[in-house]
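Working notes, beginning with the structure itself.
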Amino acid sequence: MKISKDDFSVWEILRSHQIAVVQELDSCFIARMERGLASVLEKNHISYSILDRDIKDRQYLLVYSPSLEPSVLDRLRVLGQAVPVEKETLLFWTEKEDPNLLLPSKFERKALSSESILPYLETPYLSLPPGEKIIERRKNEVIRQIANEVSPQSLRYFVQSLQDFTTRYATTPNCDAAGQFIFNYFQYLGLETKFQAFTFGANYLSRNIIAELRGITYPEDIVIICAHYDSTSNLAPAIAPGADDDASGTAAVMEAARVLSKYPFDFSVRFIAFSAEEFGLYGSKAYASEARDRNERIIGVINLDMIAFADAMPEDLDIIVNPASEWLAERVSLSSEAYALLIIRKIIKSSYPYSDHSPFWDRGYPALCGIEDDPLRNPYYHKVTDTVDKLNFDFFTSSTKAGLATLADLSQPLRAGYPETPKGFTANSKIISSLFSSIKNVTLSWDSVPSVVGYNVYRTGTSHLYYKKINNSLLSGTSFVDRNLKPELRYFYVLTAVDGGGLESNFSREAEALAFTSSSVSQALGSFFLLRLEQR
Ligand SMILES: [Zn+2]
């Protein structure tokens, strides 16, 4: 079923009826529904259409078709069933065979999950107007050093080595060998490294490679940089060099591991090479679902997929995010401006789930996809001609620098001579209601940091952006109450410690004061939603 997003009540109705949403797109949701539930949508005047019936065990592929011409549909309908869902999106399936093997390799695809993403859907919410960007403009010498260590020779070595496996088509032993090569490299760097095995398609087996650099201050808070090391082509499984797609992203992940493993960070950094992306994102799906089951605290995911081909110079780097991850794209822009001198093009597009960021979106984690062009302009895409000689190493080095600078900015390198980053930072909200109004008080607390003179608290309405200091003079205790806030708004806080010389530490982890959602406040919220709609 396709359910239109034309009204804010849609989210609430999906929730109250526990409808199994399996994909979010810009204009609609795709859901698996019992026939009887359609009447609920009708009763609430929500537009929907039926995409397929009797769906039981069928495997569906979401397919990207930037020019959704009738000829494309006609060609796909010779192979199986194809139904347009949105402007650039169609649904493809077959009656008997694996739809993946029938769909020509030139189409970007995502295997639709059968698990509901309903619990992780972000309802559009009210936010404070953005503050100034001053804080983000602080230059960090360690991040600059990290960006400058990115080496084109090193990137070339990684891409050439991956290409030399001849094929990395996920069902082949060569792909396995490429995975072993990446594993060995991470281990050689001294990182804690492991395989994650998973099955896909007709009982094939493949492995993700996961390496970790454990954070010093908040080891449970994780920043991820990832790419897929499997590849495909018009002559797959025999030959699939996949230099741009996605040896380039994998090389950037390996380069990130090489450079960052020499530094200590506040938060843990994970370097991940996924497999079976080309079959429909199976490796990243296996990882993201397990991460959610363990309730891993993932701050953000930087997924790099095709970052080395320039159809024209200067080439910019496209950063694709969903609305909940928009802050990540802003942080890439800021890092890139400060440390990589590369132009970033932000694209907010839930309708682009065709790479390894998407399973993270489905599990409620912020994630971005860094890609040279959307839609793609690389003429060698998914062909045997996607080889290292077609890459532009000036652009590739810059895009890798932008990725590494963002990764370092999010995971926060410790700086010699600066106060320790405050640990144990938490926020607790309390609502105080009278007959006519409610307010929210937020109590912040933290562990004391040795040999500092005080602390600063920063607040924002937009997670991870526009932090604004809210204390007038340095705080000397280990708690602070932020009073008289609006219950229906979300607030985000970070804390710093300041020493006698005036040096200020890195930010603590971000603590969130949740929006209050009791029925009394949510009634008021309804009118706010209307307001927000009009402002758009
Ligand atoms: Zn790719």
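All ligand and atom numbering here is 1-based and tracks the order in the structure. Index from 1, following the sequence.
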Between Glu24 and Ser350, is there a side-chain donor-acceptor contact under 3.5 Å, judged purely by atom types and distance?
no

Tell me the protein N, O or S atoms under 2.8 Å from the Zn ion (ligand 1), in chain and number order.
His228 NE2, Asp245 OD1, Asp305 OD1, Asp305 OD2

Set of ring pair (Phe, Tyr, Trp, His ring centres under 6.0 Å) partners for Phe396, sequence neighbours left out
Phe393

Residue set satisfying salt bridge (Lys or Arg N to Asp or Glu O under 4.0 Å) with Glu296, at least two apart, ordered chain then number -> Arg270, Arg294

If you measure only the distance, is there a donor-acceptor pair under 3.5 Å linking the side chains of Thr123 and Arg15?
yes

Between Ser463 and Glu510, do the side chains contain a donor N or O and an acceptor N or O under 3.5 Å apart?
yes

Run the side-chain donor-acceptor check on residues 174-182: report pairs under 3.5 Å with partners two or more places apart or on a different chain.
| residue | atom | partner | partner atom | Å |
| --- | --- | --- | --- | --- |
| Asn174 | ND2 | Phe165 | O | 2.9 |
| Gln180 | NE2 | Asn184 | OD1 | 3.0 |

